[in-house]
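One structure is given below, encoded as structure tokens.
We name chains A, B, ... by the order of the sequence lines, and we start the count at 1 in each one. These numbers were taken from a predicted model, which means no experiment stands behind them.
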There are 2 protein chains.
Amino acid sequence: MELIAENRAFGGRHCRYKHAASTVNCEMTFAIFLPPFASEDNPVPVLYWLSGLTCTDENFMQKAGAMKLAAELGMAIVAPDTSPRGDDVPDDSDGAYDMGLGAGFYVNATQAPWKTHYQMYDYVTKELPELIESSFPVTGERAISGHSMGGHGALVIGLRAPERYVSVSAFSPVANPTQCPWGEKAFSQYLGEDRELWKEYDAACLLAQKQHYVPLLVEQGHADQFLNEQLKPEALVNAAQQSDTQLTLNMHEGYDHSYFFIASFIDDHLQFHASHLGLI
Amino acid sequence: MELIAENRAFGGRHCRYKHAASTVNCEMTFAIFLPPFASEDNPVPVLYWLSGLTCTDENFMQKAGAMKLAAELGMAIVAPDTSPRGDDVPDDSDGAYDMGLGAGFYVNATQAPWKTHYQMYDYVTKELPELIESSFPVTGERAISGHSMGGHGALVIGLRAPERYVSVSAFSPVANPTQCPWGEKAFSQYLGEDRELWKEYDAACLLAQKQHYVPLLVEQGHADQFLNEQLKPEALVNAAQQSDTQLTLNMHEGYDHSYFFIASFIDDHLQFHASHLGLI
């Protein structure tokens, strides 16, 4: 693990690291915010943040305005990259923003040429937490959140592995990717043409299958340019009703898909996770 | 004036506009944050934010985390660009980041080829406030702040025109530009070789000349990579002592030149300006 940047922030530290990642067979970069007073004697829980299409580990740390409250609450934040990276990692042949680099969709790809590197589900749920928990003054308590493609990732991961995350939230998630253009494009290439297999990576499908007990919070803007074609939050509500699962979906008049929306409501999500992590 | 982007944020609005600017003879872009409840019946004061080298109107709005408290305080924020822009605006012949485009240094240039467009002092102190005050629900009460080159700009403007700004602050300002490489390079080209004329754009020189009564607050990180060669905050302290002017300089162990530093302390500056603007 190699430190590539470090900034003091809100009395704590924002750091970026590179490391050789075996699940995705390449060098990966992640960012971590450690609140003040985090130490071996005072380890802190971790909120994992999964970013959306085209993002890296940097967007959330620079734009969300999350560090101030995280510092007060005593919560670390870890932001991984959104796909494998490097010269030998395949990209979309047309360089599209919604496939390949920057668009890993947090799945384990089964199809060529993707499967060698695009194992983002395993990277995010296993390899990265193991590295974080063996390298930094953190507990094994984890929460997970994300935006757009990363909101999809957070919901899918939290619903599939609730024993590993105490609470799950999302901003503007791709809620039903088996039924929208972004999801159909990515899943057909990463997972192949059998649509049954896609359902393991679809939050609405997972939510409908059985009753879930992990706390779930979703934030969505009404003025989001991707709302009707790509995001489909109503699918989450229908699925939660079907399985009798508790889900809070807050709709916000006038808000769009940008980080201005995330910044406006991130503190509510930090408080939500802090309450389930026992910090407040 | 043409609206080019609008985002709801913290119950208010973040907007970007283009307009034909006569002082700088080109089209300029600025950003404005209007807090909730700002209206013709409830006009709000304005904090002008001047950004540093290479920045545009976007950096502060996306990275400083200032909108939350500005929304609560009822304060608008206006962020202009850092130089004139456009195909016929001259740039540094080597495309250097510290001269020409993105590096207007908030001066009125007197030398060719700069003087036609590089009139940023007049743009920021006159044309832009006139436009803001005739177009938006704001009062004529102004405060000014900025970062690095923009911290220099804010201090110089506030010291030269205290009747127009109720309070002045800066993060990591270029405090004594007549005595540092960035300032010497820019001033020799924009203002010519007569160093006496440069002093009108040097905060430390202006501060030393006479006692000033405008409230002054400066924030500086000890780990700032530009501290000793370019920024020289000790020149401000010496000048303030010389003229018996009150100046608060807060030095912060471990903090660098980045927006993580600004974000960590921006709320203190908003409170400082709010107190002088009569908002608290």
Task: Shortest non-hydrogen contact from A:Phe260 toward B:Met67 - done: CE2-CE, 3.4 Å
Task: Among A:Met61, A:Glu253, A:Glu6, A:Lys63, residue most engaged with chain B (heavy-atom pairs, under 4.5 Å) - done: A:Lys63
Open item on the list: Which atoms of B:Asn7 are under 4.5 Å from chain A, going by heavy atoms: the side chain, the backbone, both sets, or neither?
Closed with: both
TODO: For atom CZ of A:Phe37, decide whether the heavy atoms of other residues, nucleotides or ligands shown that lie under 6.0 angstrom number more than 12.
DONE: no
Open item on the list: Taking every non-hydrogen pair under 4.5 Å, which of A:Lys68, A:His252, A:Arg13, A:His14 racks up the most with chain B?
Closed with: A:His14
Task: Heavy-atom closest pair, residues A:Phe10 and B:Tyr255 - done: N-OH, 3.4 Å
